[in-house]
Enquirer: 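Sending over a structure as structure tokens; questions will come in a sec.
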Amino acid sequence: MRKKIVAGNWKMNKTYEEAIQLINDLNAGLNNLSHSTDEIIICPPALYLHEAATLTRDTAKVFTASQNCHTNESGAYTGEISVKMIKSVGATYSILGHSERRMYNHESDEMLRDKVNIALANNLKVIFCCGESLEIRSKNEYINFVKSQLENSLFHLSKEQFSSIVIAYEPIWAIGTGVTASKEQAQEMHYEIRYFIAAKYGSEVAEATSILYGGSCNPKNAKELFEQADVDGGLIGGASLVAADFISIIQSF
Ligand code: PGA
């Protein structure tokens with residue numbers, strides 16, 4: 001059975017004190033909660049990863065993720081963070097391929113392939129983001145576009161390596177816009193992604209892969225999205241910055 005996952009991508013938000021407050025609020029809320037989410041992943045700015053991992057160590061089902069990693073393990077890359085650093089502070093995952101990094105940091109499919117490789121080589125699991133722009137959707141090319149993102153950055157992996165990948169489908173037009181993909185639009189793409197994985201790795205691997213939806217997911221729409229057959233949870237941006245909203249989404253399965 002694939003895991004139900006809710007991940008919170010804080011992006012570049014929260015001061016140190018605000019971050020600690022949010023982690024404490026999440027701990028307090030989650031410790032008294034019964035829910036059926038298998039994994040909750042907190043993805044704070046890298047500066048706070050160590051605290052996030054340490055403070056949530058005793059909170060059931062909580063893991064931490066970086067929002068990026070470098071293609072090299074160490075070296076003269078001012079301002080960057082490596083997978084070894086991320087692992088050493090207790091994180092379990094790295095988000096890779098977020099559309100904001102593809103856009104603002106010019107991250108190509110090929111660069112992401114290198115990042116995926118170095119993450120997996122260091123036992124860091126990957127939340128791999130894919131998703132199309134409004135322009136690509138309006139030309140009706142969105143399914144092939146997402147397929148090419150998966151092929152170019154992931155489909156060189158072995159079956160065993162692929163078991164460390166979580167997919168996040170995040171249509172760019174839905175991120176931070178308040179426009180959520182409809183449950184039908186989300187299900188259509190998640191079904192296709194699972195189909196592509198099955199064609200490459202077989203149905204057993206496809207059935208075991210968690211595919212998250214991201215893009216203006218909130219406490220109001222999470223339930224109907226998570227009810228879709230191929231939606232295994234969410235990658236949450238804005239709504240992960242408020243403990244009560246994030247916890248409400250965790251309870252939406
Ligand atoms: P959003 O962001 O929930 O604020 O739309 C999602 C994401 O970018 O991961």
Side-chain angles (χ1 to χ4, degrees), residues 3-14 18-19 22 26 37 39-46 48-49 52 62-69 91-107 112 115-116 119 125-134 136-137 142 145-146 149-150 153 165-183 185-186 189-190 193 210-226 228 231-253:
K3 288 179 191 153
K4 298 176 196 162
I5 299 175
V6 176
N9 176 12
W10 296 9
K11 308 191 181 183
M12 194 176 74
N13 291 294
K14 304 287 181 190
E18 290 165 350
L22 178 51
L26 289 172
T37 302
E39 286 191 9
I40 297 158
I41 306 173
I42 300 175
C43 322
Y48 315 141
L49 257 182
V62 174
F63 301 86
T64 48
S66 66
Q67 298 174 11
N68 176 39
C69 73
T92 308
Y93 286 91
S94 181
I95 298 177
L96 293 177
H98 193 283
S99 59
E100 286 151 15
R101 291 205 59 87
R102 290 179 189 260
M103 194 168 9
Y104 304 134
N105 300 80
H106 313 290
E107 295 196 355
L112 291 168
K115 291 190 176 194
V116 167
K125 296 183 190 181
V126 171
I127 302 172
F128 182 82
C129 302
C130 54
E132 80 288 352
S133 64
L134 196 53
I136 291 171
R137 179 159 281 261
Y142 54 102
F145 179 80
V146 168
Q149 288 182 317
L150 301 178
S153 302
I165 303 288
V166 170
I167 307 284
Y169 169 58
E170 300 204 303
I172 296 171
W173 46 272
I175 295 177
T177 58
V179 181
T180 316
S182 68
K183 57 185 195 303
Q185 287 171 320
M189 185 60 93
H190 283 229
I193 291 171
S210 297
I211 307 176
L212 316 183
Y213 168 79
S216 298
C217 185
N218 61 42
K220 289 206 178 77
N221 58 31
K223 190 169 174 12
E224 67 170 16
L225 287 162
F226 295 180
Q228 302 309 302
V231 177
D232 306 310
L235 179 53
I236 319 298
S240 72
L241 299 174
V242 177
D245 288 352
F246 191 56
I247 288 171
S248 165
I249 294 171
I250 289 165
Q251 288 180 289
S252 299
F253 282 108

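Counting starts at 1 for both ligands and their atoms, following the listed order. All residue numbers in this chain count up from 1 along the given sequence. Please read all numbers here as calculations on a predicted model, not as lab measurements.
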Enquirer: Run the numbers on Val166 and Ile41 for side chain to side chain contact (heavy atoms under 4.5 Å, CB included), then give the verdict.
Expert: CA-CA 12 Å; Val166 170; Ile41 306 173; 5.7 Å; no
Enquirer: By number and element, which atoms of ligand 1 are closer than 4.0 Å to a non-hydrogen atom of Asn9?
Expert: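 Under 4.0 Å from Asn9, ligand 1 has these atoms: 9 (O).
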Enquirer: Are the side chain of Ser210 and the backbone of Lys3 linked by a donor-acceptor contact shorter than 3.5 Å?
Expert: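 Indeed, once roles are kept as given, a pair shorter than 3.5 Å links the two residues.
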Enquirer: What distance separates Ile42 CD1 from Asn9 CG, expressed to the nearest 0.5 Å?
Expert: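 Answer for the CD1-CG pair, Ile42 versus Asn9, is 12.5 Å.
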Enquirer: Heavy atoms, side chains only, cut-off 4.5 Å: are Ile193 and Cys130 in contact?
Expert: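 When only atoms from C-beta onward are counted, Cys130 and Ile193 do touch, with a gap below 4.5 Å.
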Enquirer: Check the side chains of Tyr93 and Glu39 for a donor-acceptor pair under 3.5 angstrom, ignoring hydrogens and angles.
Expert: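 On atom types as modelled, these side chains qualify, holding a pair under 3.5 Å.
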Enquirer: When only distance counts, is Ser216 in polar contact with ligand 1, meaning an N/O pair under 3.5 Å?
Expert: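 Yes, at least one N or O pair falls under 3.5 Å.
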Enquirer: In the protein, what heavy atom is nearest to atom 4 (O) of ligand 1, and what distance, to one decimal place, separates them?
Expert: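 Here the nearest protein heavy atom works out to Gly238 N, 2.9 Å.
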Enquirer: Pairs of donor and acceptor atoms involving the side chains of residues 168-181, under 3.5 Å and at least two apart or interchain, shall be tabulated with distances.
Expert:
{"unit_1": "Tyr169", "atom_1": "OH", "unit_2": "Glu132", "atom_2": "OE1", "d": "2.8"}
{"unit_1": "Tyr169", "atom_1": "OH", "unit_2": "Glu132", "atom_2": "OE2", "d": "3.0"}
{"unit_1": "Tyr169", "atom_1": "OH", "unit_2": "Arg137", "atom_2": "NH2", "d": "3.2"}
{"unit_1": "Glu170", "atom_1": "OE1", "unit_2": "His98", "atom_2": "NE2", "d": "3.2"}
{"unit_1": "Trp173", "atom_1": "NE1", "unit_2": "Glu132", "atom_2": "OE2", "d": "2.9"}
{"unit_1": "Thr177", "atom_1": "OG1", "unit_2": "Trp173", "atom_2": "O", "d": "2.9"}
{"unit_1": "Thr177", "atom_1": "OG1", "unit_2": "Ala174", "atom_2": "O", "d": "3.3"}
{"unit_1": "Thr177", "atom_1": "OG1", "unit_2": "Val179", "atom_2": "N", "d": "3.1"}
{"unit_1": "Thr180", "atom_1": "OG1", "unit_2": "Ser216", "atom_2": "O", "d": "3.0"}
{"unit_1": "Thr180", "atom_1": "OG1", "unit_2": "Asn221", "atom_2": "ND2", "d": "3.0"}

Enquirer: Quick one: does Ile175 get an N or O within less than 3.5 Å of an N or O on ligand 1?
Expert: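 Such a contact does not occur with ligand 1.
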Enquirer: Evaluate side chain to side chain contact (heavy atoms under 4.5 Å, CB included) for Leu22 paired with Trp10, printing each intermediate quantity in order.
Expert: CA-CA 11 Å; Leu22 178 51; Trp10 296 9; 3.4 Å; yes
Enquirer: Can you find a non-hydrogen atom of Gly215 under 4.0 Å from ligand 1?
Expert: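 Per 4.0 Å heavy-atom rule, Gly215 contacts ligand 1.
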Enquirer: Students should be able to answer this: which protein heavy-atom is nearest to atom 3 (O) of ligand 1, and at what distance?
Expert: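 Heavy-atom neighbour on the protein nearest atom 3 (O) of ligand 1: Gly237 N, 2.9 Å.
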Enquirer: Looking at Gly176, which atoms of ligand 1 are within less than 4.0 Å of one of its heavy atoms?
Expert: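 The list of qualifying atoms is 1 (P), 4 (O), 5 (O).
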Enquirer: Considering only heavy atoms of Ala174, which atoms of ligand 1 have at least one such atom less than 4.0 Å away?
Expert: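 Listed by number with element, the hits are 5 (O).
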Enquirer: Could you check atom 7 (C) of ligand 1 against the protein and tell me its nearest heavy-atom contact, residue, atom and distance included?
Expert: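 Protein heavy atom with the smallest distance to atom 7 (C) of ligand 1: Glu170 OE2, 3.1 Å.
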Enquirer: Does any N/O atom on His98 come nearer than 3.5 Å to any N/O atom on ligand 1?
Expert: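 Yes, there is a polar N/O contact under 3.5 Å.
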